Amino acid sequence: MRTNLSVEEALSLVLEGARGELGVEELPLGEAYGRVLAEDLASLVDHPDQDDTAIDGYACREADTLLASPERPVRLRVIGEAPAGKPFLGEVGQGEAVAVYTGAPIPRGADAVIRVEDTRREGAYVLLLAPASPKDIRPKGDDLRRGEVYLRRGDLLTPGRLGLAAAMGHPRVRVYRRPRVGILSTGDEVVEPGEPLPYGGVYNSNAYSLLGLVLEAGGEPVLLGKVPDSPEAVMAKLEEAGHLDLLLTSGGVSMGEYDVVRKVLEEKGEVVFWKVRQQPGGPLLFARLGGLPVLGLPGNPVSSMVTFFLYGRPFLFRLLKRTEPPYGTLKARAETPFRGAKGKKVFRRGVLSLAQGPSVRTTGNQSSGVLRSMAFGNALVVLPPDQDAREGEEVEVIPLTFVP
Ligand code: AMP
Ligand code: MG
């Protein structure tokens with residue numbers, strides 16, 4: 001077992017552990033939002049499927065209109081119209097025009113369009129107050145070309161990409177099965193909300209903050225409830241769980257006599273590492289139990305969320321072969337001081353604002369037990385070991401993109 005790792009060493013061991021194959025399912029587009037593509041998608045069509053007009057106006061021959069101006073309008077005979085979806089099938093000759101509406105194919109013979117605002121209709125004729133031009137014709141395939149791949153394996157289906165899959169003509173898509181992530185809370189003091197809180201008890205918040213994080217990362221949470229600090233109870237729950245791709249436990253990985261998760265995993269599994277030089281989340285443990293990867297998250301509500309975000313979420317991204325990285329960083333000006341820690345990389349919770357250049361202020365009390373910092377903070381402020389940040393200094397931040 002390795003111990004006292006740097007954040008980078010710990011992350012690389014966790015990612016090495018994400019080797020499972022999820023398998024693939026085919027879904028109708030209407031059910032695929034938020035899923036991850038398991039195939040490349042090429043367009044089945046050209047879009048537009050022929051040259052069409054980007055504006056409402058008239059299609060005609062550019063050469064007829066070159067001298068048109070408000071003082072000397074050019075008069076063309078209107079020989080028909082082409083609303084979108086009802087193409088004009090004739091041909092536009094010299095001195096002629098067809099009324100066209102956005103998305104309509106350009107009629108044969110025409111090579112330019114003019115917007116309706118630059119014309120005046122007079123019965124069967126239209127007066128052009130400016131030359132018509134080809135610039136508002138969208139050439140065939142301007143947006144999508146048949147056969148070209150626009151969405152790739154590992155791309156998350158966002159609203160725009162779901163629309164794009166439809167625009168390319170795909171009614172169904174192959175996506176990765178959502179990884180099943182077990183969530184097990186441990187601790188004799190932990191009580192489900194709704195039950196009376198005994199003296200010294202604490203409501204099980206971790207199960208629900210982790211459930212949200214697992215969903216947000218594209219996983220399928222499997223709530224396993226809570227077990228007391230007893231090895232038999234932990235093992236019994238795991239047997240009930242069925243197939244899992246990852247198990248999250250919370251609590252019971254510290255130094256204490258009652259830290260049962262660590263003991264069970266040491267005895268029955270193989271602990272890959274325990275303890276990372278970071279705050280919060282220092283007691284993090286990563287193990288395998290049979291084939292099952294287990295992230296033993298510390299019980300403090302902030303620690304369990306931050307360690308899931310830094311290790312569990314990248315694990316799920318790797319399983320899902322996601323093309324985008326799990327998080328990005330940016331530089332921001334500290335509006336308040338942030339305190340570092342000796343020998344540890346620190347992740348403080350902050351409120352990031354982009355209004356006047358990125359700046360970040362503390363959420364207030366930074367204790368690992370204060371969950372409000374994760375409920376209203378929208379960024380982690382990263383401090384290297386042994387470094388404080390003074391007000392006005394530039395700091396590195398990780399936006400928590402799922403917080404508004
Ligand atoms: P532990 O990691 O077991 O030493 O727990 C650290 C702190 O987190 C203690 O104050 C626990 O009461 C608290 N805690 C443990 N599990 C949970 C949970 N599921 N929900 C909320 N707080 C918890
Ligand atoms: Mg405990």
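Both backbone and side-chain heavy atoms feed into the values below; hydrogens, waters and symmetry mates do not. None of these values were measured; they are calculated from a predicted model. Atoms within a ligand are numbered from 1 in the order they appear, just like the ligands themselves.
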Report the residues that fulfil side chain to side chain donor-acceptor pair (under 3.5 Å) with Ser43, sequence neighbours left out, ordered by chain and then residue number. none

Contacts under 3.5 angstrom, residues 22-32 side chains, donor-acceptor by atom type, not counting sequence neighbours:
| from | atom 1 | to | atom 2 | distance (Å) |
| --- | --- | --- | --- | --- |
| Glu25 | OE2 | Arg35 | NH2 | 2.5 |
| Glu26 | OE2 | Arg172 | NE | 2.8 |

How about CZ on Arg318, more than 12 heavy atoms from neighbouring residues, nucleotides or ligands closer than 6.0 Å, or not? no

Hey, what polar pairs (N/O, under 3.5 Å) does ligand 1 make with protein?
| from | atom 1 | to | atom 2 | distance (Å) |
| --- | --- | --- | --- | --- |
| ligand 1 | 2 (O) | Gly299 | N | 2.9 |
| ligand 1 | 3 (O) | Gly252 | N | 3.0 |
| ligand 1 | 8 (O) | Gly299 | O | 3.2 |
| ligand 1 | 8 (O) | Asn300 | N | 3.2 |
| ligand 1 | 12 (O) | Glu189 | OE2 | 2.7 |
| ligand 1 | 14 (N) | Gly299 | O | 3.3 |
| ligand 1 | 19 (N) | Asn204 | OD1 | 2.9 |
| ligand 1 | 19 (N) | Asn206 | ND2 | 3.4 |
| ligand 1 | 20 (N) | Tyr203 | O | 3.4 |
| ligand 1 | 20 (N) | Ser205 | N | 3.2 |
| ligand 1 | 20 (N) | Asn206 | N | 3.4 |

Consider only side-chain N and O atoms of Tyr58 and Arg121, and report whether a donor and an acceptor are under 3.5 Å apart. yes

Quiz: residues 283-294 side-chain donor-acceptor pairs under 3.5 angstrom, not counting sequence neighbours:
| from | atom 1 | to | atom 2 | distance (Å) |
| --- | --- | --- | --- | --- |
| Arg288 | NH1 | Gly17 | O | 3.4 |
| Arg288 | NH2 | Gly291 | O | 3.2 |

Could Glu220 and Arg177 be called an ion pair, given the rule that one side-chain N must be under 4.0 Å from one carboxylate O? no

